[in-house]
Amino acid sequence: MNKIEFNLVRMLIAQDLPIASEHLANKLQVSSRTIKRYIKNLNQNNNVLKNKIQSSKNGYLLLLNDEEKIELELELNKVKKNEDIGFSILYYLFTHTYASIDEISDSIYSNRNTVNVKIKELRNKLKDYNLKILTKNKFGIYIHGQETDKIRCFVETYHHNDFYLQDFLQKLSQNRYKDQMFYEIITLEFSKQKIIKSEEEIKLLEKYLLVYLIRNEKESYSFNMDGLSVNMGILIALENIIDTINDKLQIKLDKTLKYRLATIFGENFLPSDDCKKLNDIILKTLRYLEINYNESFSDNVNLIQSLYKHIKATCQRLRLNIHLENPLTESIKFKYYMSFEYATILMKNIGNAFQYTFLEDDIAYAALHFEVNSEKKKENDRRKILIVCNNGVGTSTLLKAKLTNQFPRLEVIDIIPAYMVNTYPLDCIDFIITTTPFETKIEKKVIVVNPILSNKDIQNITDYIKVSISIQYIKSLFRKDSFGIIELTSKEQVMSMLTKELLEKDLISVEQANIINTRENEYPTEIGHMCAIPHCLIDGKSFLKVFILKHPIIWKNEMVKIFFFGGINPKELESKKIFRYINKKISNEKTWQELCSCQKYEDFKKTMLC
């Protein structure tokens, strides 16, 4: 799968509606004919996607359910790591003390010019790991730096399917190594010892074992155990795993390696003073979120314990520069925005206190604990609905019974025929479910269903409940001067223009402007679909501003065409639903295209509030 196909599939995964080939071509900067050719190739030759991309007059649609899309996204994340031969060059340097350009070229089947270009790129990448590529006369190039940094770099870039690594492992083990061998050894031993670990933790351990095997006897290193206590159950399992590997491959991995490997799981390793400090920061941050975000966290024992246990293990890993990859970070950031916001604040506080740098992967894992709490709260939310049905008492009574059985938290206030909608008092109604479309214009969400309530109807109602927010509230957030079309060329220009305008209108303070810019630099708010949503907390009435860029700009990792700014007052009950509403809107391809083409506020209002 080449780079265009890779990005094409990722765009298809993100959509639930067909995407026009012209739109795909525009985003990928190729012709529509090229898109059609790639779609045909994927449909015919890709094992996973064979006949799974539907073509219609409306565009292309991926015929996979949500579970299958997640599995495909995980596979794409693996492929992405290996899309550049730069990794093969890096692996070659990690497995040789010195190497010449010719030796590297011959080993990875690439010409000298390409190798030289990739080595220049690698020099910049290695700076993140405190490593350098140096040259020694008559010997060749080599990677210079601490062994622990080399190990971390090797692990974080390791890809099982790299042809050079596969060949190297076979030679090292005299063809005794088999694909997935270490994974099977780990899971078998953990099963025997009744040790429960996540798939990501097991795969991380597998990578470390493989890297230590490859680097075995390359350089000596010591491991400082001062201040660390060790989980004996983990140590026993790791010693057995090392013994099994040594036996199967006829090699000699040092058994003391178990102490270093044990740090991957981070259990019971933080000193007691640090443990108390961590717990205090979590409690203090949760109280801050309660006050400033109108939440109720500090009395939630399950949330506190789950956050403490998870972050404690994360902190221990970070002490040793061990990062646990999160393959679903982008999805978590996009779908669970407020939970990601809370996790960002918490991890920043912990990072400042312990001098750790948390990645977005770490924040996304913590966000899941907040989201579990959020989902439990939603289970207790009651929604008041009105049923509109013209099909008689029997049909309407059956529909009511099905709705209350399927959605126990729905409270049916009344059942009326369509002709009474115009005069019915709707103030206490959250939304309306009707079996017959009606032309009366009302400021309440109306969901049309089949009288027998099909599975599609149930899904539509479920989706709406998750992000439901009153139309009146959304309307109150926008004004005519809240919309603009701008022509700027960088994120810095956009943020400067935005904060200047907000300051001039006394919508934010200088302190808030600094917070907005700092947050955007540390943890950018791009959420996919070429959209970013910078924001801050305010004491006054919540408001939204939206700007459409004439030409997309690079935000951090992604291009951005539309950005919303939110001045959010969490004391307003519906304020935390704002970003879910925006997410739902922009994830609809048709709505996204209409928003991008808006030239005036009336067009935007019609599209955003429909």
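Under a 4.0 Å N-O distance rule, the pair K505/E501 qualifies as a salt bridge. We find that K125 and E156 are not joined by a salt bridge, their nearest charged nitrogen and carboxylate oxygen being 4.0 Å or further apart. The pair E290-R287 does not meet the salt-bridge criterion, since no charged nitrogen lies less than 4.0 angstrom from a carboxylate oxygen. Note on E594 versus K590: salt bridge recorded, some NZ/NE/NH1/NH2 to OD/OE distance being below 4.0 Å.
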Check your understanding: Would L126 and L90 count as a side-chain contact (heavy atoms from CB on, under 4.5 Å) if you check the C-alpha gap in whole Å, the side-chain angles of each, and the deciding distance to 0.1 Å?
Key -> CA-CA 10 Å; L126 291 178; L90 183 62; 3.8 Å; yes

Review point. Does the side-chain contact (heavy atoms from CB on, under 4.5 Å) test come out yes or no for L324 and N326, once each step is laid out?
Key: CA-CA 6 Å; L324 185 61; N326 189 336; over 6 Å; no

Review point. Is there a side-chain contact (heavy atoms from CB on, under 4.5 Å) between L502 and Q512 once you walk through the steps?
Key: CA-CA 10 Å; L502 294 173; Q512 287 172 316; over 6 Å; no

Practice item. Could you check L426 against I432 for side-chain contact (heavy atoms from CB on, under 4.5 Å), going step by step and ending with a plain yes or no? Key: CA-CA 9 Å; L426 300 175; I432 296 171; 4.3 Å; yes

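Here the CD1 atom belonging to I516 is positioned 4.0 Å from the SG atom belonging to C536, to the nearest 0.5 angstrom. For the atom pair I53 CD1 and I39 CD1, the distance stands at 4.0 Å (nearest 0.5 Å). In this structure, the separation between CG on L488 and CG on L549 is 6.5 Å, given to the nearest 0.5 Å. To the nearest 0.5 angstrom, H551 atom NE2 is 10.5 Å from T489 atom OG1. Here CG of N583 is found 15.0 Å from NZ of K577. Values are rounded to the nearest 0.5 Å. N460 CG to I447 CD1: the interatomic distance, rounded to the nearest 0.5 Å, is 7.0 Å.
Considering all non-hydrogen atoms of both residues, P524 and E360 come closest at O-OE2, 4.0 Å. Across every non-hydrogen atom of P570 and N294, the tightest pair is O-CB, 3.0 Å. Shown here for A25 and S32, the closest heavy-atom pair between the two residues is CB-N, 3.7 Å. Residue L303 comes nearest to H369 through the heavy atom pair CD1-O, 3.5 Å, listed as atom of the first residue, atom of the second, then distance. Heavy atoms only, all atoms of each residue included: I527 and K333 are closest at CG2-O, 4.5 Å. L49 and N43 get closest at one heavy-atom pair: O-OD1, 3.4 Å.
Residue pairs that meet the ring-ring contact (aromatic ring centres under 6.0 Å, His included) test with at least one member in residues 475-504, sequence neighbours left out, are F478-F604, F483-F604.
Within a 6.0 Å sphere centred on NZ of K541, heavy atoms belonging to other residues, nucleotides or ligands number more than 12. No more than 12 heavy-atom neighbours from other residues, nucleotides or ligands sit within 6.0 angstrom of CG on D539. Other residues, nucleotides and ligands contribute only 12 or fewer heavy atoms inside 6.0 Å of the NZ atom of K480.
In this structure, E574 and I578 have side chains that are not in contact, with every pair of non-hydrogen atoms separated by 4.5 Å or more. Between N569 and S542 there is a side-chain heavy-atom pair separated by less than 4.5 Å. Under the 4.5 Å side-chain criterion, counting only non-hydrogen atoms from C-beta, Y337 is in contact with I533. In this structure, the side chains of Q146 and R152 stay at 4.5 Å or more apart for every pair of heavy atoms. Counting heavy atoms from C-beta on, the side chains of I304 and N300 never come closer than 4.5 Å. Counting only heavy atoms from C-beta outward, the side chains of I282 and L346 approach each other to under 4.5 Å. Put simply, the side chain of V117 reaches to within 4.5 Å of the side chain of E121, judged on heavy atoms. Looking at L131 and C153, their side chains come closer than 4.5 Å, going by heavy atoms from C-beta outward.
The ring-ring contact (aromatic ring centres under 6.0 Å, His included) test with H535 is passed by exactly one of F579, F564, F565: F579. Results of the side chain to side chain contact (heavy atoms under 4.5 Å, CB included) test with M608 over L477, I582, I474 single out I582 as the only residue that passes.
Although no hydrogens or angles enter the test, the distance criterion places a donor-acceptor pair under 3.5 Å between the side chain of E520 and the main chain of T525. The backbone N or O of N41 lies less than 3.5 Å from no partner atom in the side chain of R37, so there is not a single donor-acceptor pair. In this structure, K444 contributes its side chain and I429 its backbone to a donor-acceptor pair below 3.5 Å. With hydrogens and angles disregarded, a donor-acceptor distance shorter than 3.5 Å links the side chain of K561 to the backbone of K550. In this structure a side-chain-to-backbone donor-acceptor pair under 3.5 Å is present from T607 to D603. Without hydrogens or angle criteria, K132 side chain to G145 main chain gives no donor-acceptor distance under 3.5 Å.
Checked against the 6.0 Å centroid criterion, the rings of Y158 and F87 do not qualify as a close aromatic pair.
Between the side chains of T329 and D361, at least one donor-acceptor pair of N or O atoms lies under 3.5 Å. Side-chain contact check for T285 and N349: at least one donor-acceptor pair (N or O, by modelled atom type) lies under 3.5 Å.
Considering only residues two or more places apart in sequence or on other chains, S482 meets the side-chain contact (heavy atoms from CB on, under 4.5 Å) condition with R479, K545. When the ring-ring contact (aromatic ring centres under 6.0 Å, His included) test is applied to Y342, the partners found at least two apart in sequence or on another chain are Y293, F297, F370.
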